[in-house]
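The structure under discussion appears below in the form of structure tokens.
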Amino acid sequence: MVIVIVRCVVASSGKAGFSGLLKDLGGRILRSADHETRRIASRYGYLDYMIPRYREILGDLSEVVEMLEAFEKPLVKSVRINTLRFRDINEVVDRLEMLGYKLSKIPWERFSYVIVEQGRVPPGATHEFLLGGYYLYRGIASLIPPIALNPSPSDRVIDNAAAPGGKTTHIAQLMGNSGVVVAVDVSRERFRALRTNLERMGVENVLALRTDGRRVPELFGTYFTKALLDAPCTGEGIIQLDPSRKTKTVFDDLVRAHLRQVQLLLATIRATVPGGRIVYSTCSIAPEEDEFTVAEAIEEAGNVRIVKPDIPLKLDPGITEYFGIRLPEELKYCGRTYPHRHGMEGFFVCVLEKEL
Amino acid sequence: MRPREGVVRCELSGEELHRHVERLYGKEALEALVGYTPLYCSDGFTEVYLLRQPLLEAVSLLMMSGKVPYYSGLYAGRIRDRKPLFIPSHLLAEKIYEHIGRSVRAFTASEQGIKVLMYGKDLLKESVISCYEPLEAGEVVSILGTDGRVYAIGLSEISKCSELGKLGKTQVIAQTIFDLGWYLRGGTIPREPKYRV
């Protein structure tokens with residue numbers, strides 16, 4: 001049975017909206033678990049509620065197993081050469097190749113290479129990395145949000161929930177160290193890592209502020225021409241990095257994460273000028289943290305629309321129906337990656353534009 | 001890092017940085033600061049950042065709401081009330097050398113010497129490839145790699161390059177007070193102070 005929820009009806013349901021629908025969803029998902037989904041959950045060590053969700057997202061259980069197998073393999077990493085300090089990309093690439101690395105250029109990101117084969121020393125322990133600032137290494141998908149943001153040297157960018165700063169330094173690099181990037185995060189420990197990254201990479205155009213991201217409009221008003229919210233999430237796309245994610249997050253945790261993400265996204269939207277671009281992303285494949293968050297925020301904000309990300313990379317479309325709940329059709333313009341389909345971590349990205 | 005976060009006071013005026021830069025690197029080094037406004041943030045000691053115009057506007061906007069940045073622009077270094085009175089950041093030192101087209105108050109170290117420095121060790125005579133005056137015992141020096149980049153800031157043990165010839169190969173030429181390896185040794189929670197003075 002498909003439950004069709006017309007947007008105007010949802011809006012009239014007051015504060016419940018898409019967030020409200022989530023609260024009842026956990027029980028329904030668990031009830032949809034059957035012998036086969038429980039068997040797969042047990043075999044790979046996941047909680048029971050997770051597998052029916054993956055079946056709902058991917059379509060059939062054989063592909064679910066493919067994805068779970070991909071989560072068992074090490075994460076494919078990329079290196080982003082830091083052109084803020086080292087202008088000659090080839091010099092850094094040559095140095096890594098001399099250390100036994102096999103690198104392959106990422107066609108859609110001009111500073112980055114996939115690590116096809118790791119050299120004699122791990123990327124976090126090479127002399128080049130230790131010397132500071134030659135490169136940063138990350139999962140490939142984490143390169144997507146700054147590319148989707150497409151900042152120019154004259155932009156004023158807010159990077160909300162910025163620490164430890166991989167995307168902040170990427171944005172600064174794309175802007176050629178010009179313009180303004182305000183990097184906000186609330187976590188003290190992660191903030192130290194952010195500062196370290198800014199100093200090591202030679203970033204000059206960032207204002208780093210330790211505060212709750214929800215306070216950004218109060219502090220800056222409507223100031224930013226571009227905004228990134230790579231939201232704190234449960235990490236359901238990076239189980240390769242954190243296998244404990246298979247069992248540590250119950251459905252209610254997802255709902256709590258979603259509610260916080262909505263608040264952060266609304267604050268980010270409020271701080272963006274009319275006509276400005278907002279990129280929302282997570283390292284999670286959970287629709288509860290992705291499409292439901294965007295749906296709730298655009299519903300509540302009332303002045304943003306989803307636009308297609310302008311990146312030369314084929315992403316899977318966003319989900320528009322989930323366990324019978326119909327989400328706004330425009331969510332199809334959001335993008336998803338899966339480890340077994342894209343060879344990178346599971347990721348979600350959505351580009352919004354604030355109406356003039 | 002700041003020991004007592006939350007009581008930091010920042011000001012967008014002052015000539016102190018310029019005085020230190022001129023004292024250490026000469027008048028021509030001041031040109032490297034053109035186009036930047038210094039931001040002084042004090043909390044027991046003073047950290048200095050250099051801001052270009054668009055960032056200056058954002059920082060001013062923030063400060064109008066009673067908040068101060070945790071970090072902003074180009075980190076220029078730390079001003080202290082005892083010697084060394086100013087510890088330049090590696091980024092500022094590099095910018096100055098790039099601007100004046102030569103190295104001053106510096107030693108170039110061998111690749112092996114730099115590797116050792118990255119573990120927080122001091123610079124030994126045997127690692128020194130070249131020496132650039134002026135120098136002053138107890139005052140800051142940059143320690144460069146053969147690529148010309150600044151990998152550490154130290155305190156010189158000598159006042160003239162000619163003194164190098166009189167020293168044994170394992171004698172300390174510069175006591176390292178900050179090196180780029182610190183960032184990674186410390187991880188996200190510094191296990192050692194950033195500056196060893």
Side-chain angles (χ1 to χ4, degrees), chain A residues 84-86 88 91 95 124-125 127 129-134 153-158 162-165 168 175 177-185 187-211 215-221 223-224, chain B residues 1-2 5-6 8 35-36 39 47 49-76 89-92 94-95 111-112 114-115 117-119 145 147 149-152 178-190 194:
Chain A
L84 295 179
R85 292 199 71 206
F86 299 91
D88 187 353
E91 184 199 327
R95 289 181 75 136
H127 189 48
F129 187 72
L130 293 171
L131 285 179
Y134 274 81
S154 60
D155 272 319
R156 299 186 299 271
V157 178
I158 172 75
T168 312
M175 295 168 78
N177 243 346
S178 299
V180 174
V181 184
V182 174
V184 172
D185 205 284
S187 157
R188 187 184 295 261
E189 298 314 327
R190 284 162 59 88
F191 217 91
R192 290 196 174 114
L194 171 68
R195 178 179 176 152
T196 286
N197 276 324
L198 296 174
E199 270 190 53
R200 287 184 70 233
M201 309 289 279
V203 172
E204 287 188 24
N205 62 341
V206 170
L207 185 176
L209 176 65
R210 196 170 80 78
T211 193
R215 289 193 64 201
V216 169
E218 176 195 324
L219 297 171
F220 289 93
Y223 179 70
F224 299 100
Chain B
M1 295 290 167
R2 295 183 193 137
E5 205 183 321
V8 182
Y36 290 99
L39 170 73
E47 299 209 280
Y49 303 89
L50 290 170
L51 313 179
R52 281 196 291 235
Q53 189 56 34
L55 196 59
L56 175 63
E57 285 166 18
V59 169
S60 304
L61 187 62
L62 176 71
M63 285 168 64
M64 274 162 53
S65 65
K67 294 276 283 182
V68 295
Y70 185 96
Y71 180 96
S72 194
L74 172 84
Y75 177 56
S89 71
H90 66 284
L91 297 168
L92 178 69
E94 241 174 60
K95 186 172 272 296
E111 192 155 334
Q112 187 54 38
I114 292 289
K115 277 185 182 170
L117 284 180
M118 293 301 107
Y119 293 96
D147 57 2
R149 297 188 184 281
V150 179
Y151 289 107
F178 165 74
D179 66 273
L180 284 180
W182 177 87
Y183 294 119
L184 299 167
R185 286 199 305 277
T188 56
I189 305 167
K194 182 169 184 176

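Please read all numbers here as calculations on a predicted model, not as lab measurements. Order of the sequence lines fixes the chain letters, A, B, ..., with proteins taken first and strands second; residue numbering starts at 1 for each chain.
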Discussion item. Within this structure, what is the CG-CG distance for the pair B:Leu74 and A:Asn205, rounded to the nearest 0.5 Å?
Written reply: 11.0 Å

Worksheet item: Counting N and O atoms only, with roles assigned by atom type, does the side chain of A:Arg85 sit under 3.5 Å from a partner on the main chain of B:Arg149, one being a donor and the other an acceptor?
Response: no

Discussion item. Can you tell me how far apart CD (A:Glu204) and OG (B:Ser72) are? Round to the nearest 0.5 Å.
Written reply: 11.0 Å

Worksheet item: For A:Asn197, is it the side chain, the backbone, both, or neither that has a heavy atom closer than 4.5 Å to a heavy atom of chain B?
Response: neither

Distance-only donor-acceptor hits, side chain of residues 58-68 of chain B, under 3.5 Å, sequence neighbours excluded:
from: B:Ser60; atom 1: OG; to: B:Leu56; atom 2: O; distance (Å): 2.8
from: B:Ser65; atom 1: OG; to: B:Leu62; atom 2: O; distance (Å): 2.6

Worksheet item: So what's closer than 4.5 Å to chain A heavy atoms on B:Gln53: side chain, backbone, both or neither?
Response: neither

Discussion item. Any heavy-atom pair between the side chains of A:Arg210 and B:Tyr71 that's under 4.5 Å?
Written reply: no

Worksheet entry | Interchain contact, B:Leu91 with chain A, by part (heavy-atom threshold 4.5 Å) | side chain

Discussion item. Taking the basic N atoms (NZ, or NE/NH1/NH2) and the acidic carboxylate oxygens, is any pair closer than 4.0 Å for B:Glu57 and A:Arg156?
Written reply: no

Practice prompt. Measure the spacing between CZ of A:Arg188 and OH of B:Tyr70 and express it to the nearest 0.5 Å.
Written response: 7.5 Å

Discussion item. For A:Asn177 versus B:Arg52, what's the shortest heavy-atom pair and its separation?
Written reply: O-NH2, 2.6 Å

Practice prompt. Output all residues satisfying side chain to side chain contact (heavy atoms under 4.5 Å, CB included) with A:Ala162, sequence neighbours left out; order by chain, then residue number.
Written response: A:Asp159, A:Thr168, A:Ala183

